[in-house]
Amino acid sequence: MGRHRILIVEDSPTMRQLLVFALKRLKDIDIVEAQDGMDGLRKVTSDHFDLALVDINMPVMDGLKLISLIRGEESLKSMPIVVITTEGAKEDRERALALGADEYLCKPIQANKVLQVAKGLLKVG
Amino acid sequence: MSEKREGLFSRAEEVLGLFRKGAEFTQELLRENERLRREVARVETQQLAASDEHEWEKLRRELLARIASLEGERSDMLERLQSVEDENRHFTERYIEIEEENNNLASLYVASFQLHSTLYLQEVLQIIVEIVINLIGAEVFAIYVLDEKTGALSAVASEGAVLSDFPVCRMGQGLIGGALASGETACSEEASEEDEIGQPIVAIPLRVQERPIGAIAIHRLLEQKAGFTPLDHELFTLLAGHAATAIFAARLYSQSERKLNTIQGFIDLLTK
């Protein structure tokens, strides 16, 4: 297997750093960070990624809009997306999953949970 | 003449071949005979043991002793297996504990790293807000800063409600003022009513050594957050020291920058 590329789309530098810390434990991983939805869209359309972690509440373009745009793009339809958000309501979860998110994690996150979900979606041990 | 000799040799070869086969057959018979003799001897010993009560008893005792010895060995093996399983369980538990500790340390490191990554007050306040939302999981909270001249504690950054919704407190009074005066994190059992900023559920004092700087008052946690975890308490301790130092340093930096600009202005005025 080659290296896996993960895109983190999150406006909070604290949260981005924490996610990088958690994901760096995976072998053969390249992590790219984006600070809002628009930045994320630019990066995801100009490069290949095996997984995207997306926050919902972000400036410029929110996470839900980003997910719907990603799912509208034929070449990105199969890329797994994990939502990481403070929004814990059932309807928020359902909306994100209906738009095409594969997993929905609520903040405050546990590094182990993120790692476990990433491993599952990347199909790595 | 030569044909006659060749015929003679060929017959001699045939006769020799027959002899060789005979010798092999004889050796085979001897081996079979030996095997049968040993078999007969074994059967005779068993018959003797079966017919002789004493021999039979000896054999039975030997077998019982062997069974007892094997039972002992089995019991030892089971004990060792149990001990290895216990050890394995212990290691698994320790691994989980260490993993959790590692995650907590990563969170504390990130929080500390971010807090000291800037010298601008607004950025420091924004980082504290991010830590309280993302790492603690608070929905409604405010960061208070103490005015040393008046002793008033005013909210300078908030989340979940506008700044003006958070009342001004006095040093030493109420949960927030009391926490700052004592230097101890204060918790309250009374949660705020929905859409109402009342008593906070926790007040974290921000102090640099003994010098009070401000406080963080958390009024409500995120829907999915059931309560505070041991990591949250570690974060309270970290915020109490590091956030206070970061705010203090940022304010000093801002003051010194202002003074530097003023002095620079004077120098420019005098030298022009």
Side-chain angles (χ1 to χ4, degrees), chain A residues 8-27 29 31 33-36 53-59 62-63 82-97 101 103-119 125, chain B residues 92 95-118 120 123-141 159-160 218 220-236 238-239 242-243 246:
Chain A
I8 298 172
V9 190
E10 165 70 70
D11 60 322
S12 157
T14 309
M15 201 58 207
R16 285 204 302 270
Q17 196 181 10
L18 199 67
L19 289 171
V20 169
F21 254 86
L23 295 167
K24 263 185 359 191
R25 280 191 241 163
L26 291 170
K27 277 184 190 166
I29 285 286
I31 300 170
E33 298 176 39
Q35 57 192 9
D36 57 55
L53 307 184
V54 179
D55 183 20
I56 296 285
N57 300 317
M58 287 184 290
D62 69 39
V82 180
V83 169
I84 296 179
T85 178
T86 51
E87 310 298 332
K90 195 179 163 208
E91 52 270 30
D92 292 315
R93 174 186 292 267
E94 283 169 355
R95 197 181 314 141
L97 294 175
E103 283 283 350
Y104 192 92
L105 302 178
C106 290
K107 292 177 188 175
I109 55 144
Q110 288 178 317
N112 275 354
K113 182 70 186 167
V114 177
L115 203 60
Q116 186 191 329
V117 166
K119 276 181 183 174
Chain B
T92 308
Y95 176 79
I96 292 167
E97 276 173 25
I98 289 166
E99 187 82 348
E100 204 177 313
E101 189 72 14
N102 191 23
N103 292 334
N104 291 351
L105 285 172
S107 298
L108 293 172
Y109 169 77
V110 169
S112 169
F113 179 90
Q114 292 292 333
L115 279 171
H116 298 293
S117 64
T118 180
Y120 294 100
E123 288 180 11
V124 170
L125 293 174
Q126 183 54 38
I127 288 164
I128 297 172
V129 167
E130 279 182 16
I131 290 169
V132 179
I133 297 173
N134 293 309
L135 301 188
I136 294 175
E139 188 179 16
V140 181
F141 63 92
E159 184 68 28
I218 298 174
R220 199 163 57 237
L221 296 175
L222 290 168
E223 190 183 340
Q224 62 271 20
K225 176 99 176 179
F228 293 119
T229 62
L231 172 65
D232 295 329
H233 291 282
E234 299 267 1
L235 281 164
F236 294 162
L238 179 130
L239 284 170
H242 289 250

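Residue numbers start from 1 in every chain, and the chains themselves are labelled A, B, ... in the order their sequence lines are given, proteins ahead of strands.
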Enquirer: Of the backbone (N, CA, C, O) and the side chain (C-beta and beyond), which part of A:I109 lies under 4.5 Å from a heavy atom of chain B, both, or neither?
Expert: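 Backbone only.
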
Enquirer: What heavy-atom pair brings B:Q224 and A:G88 nearest, and what distance separates the two atoms?
Expert: OE1-CA, 3.3 Å

Enquirer: Please name the pair of heavy atoms, one in A:P108 and one in B:G137, separated by the smallest distance, quoted to 0.1 Å.
Expert: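 The answer is CD-CA, 3.7 Å.
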
Enquirer: What's the spacing between A:T86 OG1 and B:E139 CD if we round to 0.5 Å?
Expert: 8.0 Å

Enquirer: What distance separates B:E130 CD from A:Q17 CD, expressed to the nearest 0.5 Å?
Expert: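 Output value for this atom pair is 11.0 Å.
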
Enquirer: With a 4.5 angstrom heavy-atom cut-off, could you sort out which part of B:L135 is near chain A: side chain, backbone, both or neither?
Expert: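 Contact with chain A: backbone and side chain both.
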
Enquirer: Select one option (side chain, backbone, both, neither) describing which atoms of B:I136 are under 4.5 Å from chain A's heavy atoms.
Expert: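 Contact with chain A is through the backbone of B:I136 alone.
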
Enquirer: Rounded to the nearest 0.5 Å, what's the gap from CD on A:Q110 to CG on B:L231? Could you check?
Expert: 9.5 Å

Enquirer: So which of B:I127, B:V129, B:L222 has the largest heavy-atom pair count under 4.5 angstrom toward chain A?
Expert: B:L222

Enquirer: Between A:A89 and chain B, with a heavy-atom cut-off of 4.5 Å, which part of the residue counts as in contact: side chain, backbone, both or neither?
Expert: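 Looking at A:A89, backbone and side chain both touch chain B.
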
Enquirer: Can you tell me how far apart CG (A:N112) and CG (B:N102) are? Round to the nearest 0.5 Å.
Expert: 9.0 Å

Enquirer: State the CD-CD distance between A:E87 and B:E223, to the nearest 0.5 angstrom.
Expert: 9.0 Å

Enquirer: Distance check, rounded to the nearest 0.5 Å: B:N134 atom CG versus A:L18 atom CG?
Expert: 8.5 Å

